[in-house]
A.B. asks: 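The structure's right below; bear with me while I get my questions together.
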Amino acid sequence: MAEPERTERRLRPAPLLFEPSDAATDPEHFFDLESIEDPRELLARATELALAFRAAQDRAVEFQAMAAAQLADPRRFDRLSPAAIGESAQWSEDYAEKMIDFGEGLLRGGAENH
């Protein structure tokens, strides 16, 4: 992952606002998009939300990877195997190993930046 791309991705394009619980029960309601009548405004807001969800997903995956790396750390007396981590996160063992490697890289990179 190139650093400029990573910096750009970290920008938060739109806030993810929590919907009221009564709105969440209405299957037609989604972040009030259904009430926007102007298609240009609808496209702009829907695009903002799509970008925000992608950024949130990317960030959540990074946190998953860091947690996996920490759980697999051989210095931990209670360390978990890649198979156990994969089972916990609903990943295959191979994917868990890749996420552990990715997380180790993130943790090393984070330590260098502090």
A.B. asks: Gly103 and Ala69: which non-hydrogen atoms are nearest, and at how many Å?
C.D. replies: C-CB, 3.6 Å
A.B. asks: Side chains of Glu104 and Leu107: closer than 4.5 Å at any heavy-atom pair?
C.D. replies: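 Of all side-chain heavy-atom pairs linking Leu107 with Glu104, none is under 4.5 Å.
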A.B. asks: Once you round to the nearest 0.5 Å, how far does CG of Leu106 lie from CE of Met99?
C.D. replies: 8.5 Å
A.B. asks: Should the heavy atoms of other residues, nucleotides or ligands under 6.0 Å from CD of Glu93 be counted, would the total exceed 12?
C.D. replies: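 More than 12 within 6.0 Å, yes.
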A.B. asks: Roughly how far apart are Glu97 CD and Asp101 CG, rounded to 0.5 Å?
C.D. replies: 7.5 Å
A.B. asks: Step through the shown structure and confirm whether more than 12 heavy atoms of other residues, nucleotides or ligands are within 6.0 Å of CZ on Arg76.
C.D. replies: yes
A.B. asks: Kindly compute the distance separating CD (Gln64) from CZ (Phe102), expressed to the nearest 0.5 Å.
C.D. replies: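 Spacing of CD (Gln64) from CZ (Phe102) equals 10.5 Å.
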A.B. asks: Measuring from Arg54:CZ to Leu49:CG, what's the distance to the nearest 0.5 Å?
C.D. replies: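 So the CZ of Arg54 and the CG of Leu49 are separated by 11.0 Å.
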A.B. asks: Using a 4.5 Å cut-off on heavy atoms from C-beta on, say whether the side chain of Trp91 contacts that of Lys98.
C.D. replies: no
A.B. asks: Is the backbone of Leu43 close enough, under 3.5 Å, to the side chain of Thr47 for a donor and an acceptor to pair up by distance?
C.D. replies: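 Side chain of Thr47 to backbone of Leu43: a pair is present.
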A.B. asks: Can you tell whether the side chains of Arg75 and Asp73 come within less than 4.0 Å, N to carboxylate O?
C.D. replies: yes
A.B. asks: Keeping the roles fixed (side chain from Glu34, backbone from Phe30), state whether a donor-acceptor pair exists under 3.5 Å.
C.D. replies: yes
A.B. asks: Can Leu71 and Ile100 be said to form a side-chain contact (heavy atoms from CB on, under 4.5 Å), step by step?
C.D. replies: CA-CA 9 Å; Leu71 289 169; Ile100 291 166; over 6 Å; no
A.B. asks: Let's go through Phe53 and Phe31 carefully: what are the C-alpha distance in whole Å and the side-chain angles of both, what is the deciding distance for ring pair (Phe, Tyr, Trp, His ring centres under 6.0 Å) to 0.1 Å, and is it a yes or a no?
C.D. replies: CA-CA 12 Å; Phe53 283 124; Phe31 289 89; 5.7 Å; yes
A.B. asks: Measure across Ala96 and Pro82 and return the closest heavy-atom pair with its distance rounded to 0.1 Å.
C.D. replies: CB-O, 3.3 Å
A.B. asks: Kindly indicate whether the side chain of Arg45, heavy atoms from C-beta on, has any atom under 4.5 Å from the side chain of Ile36.
C.D. replies: yes
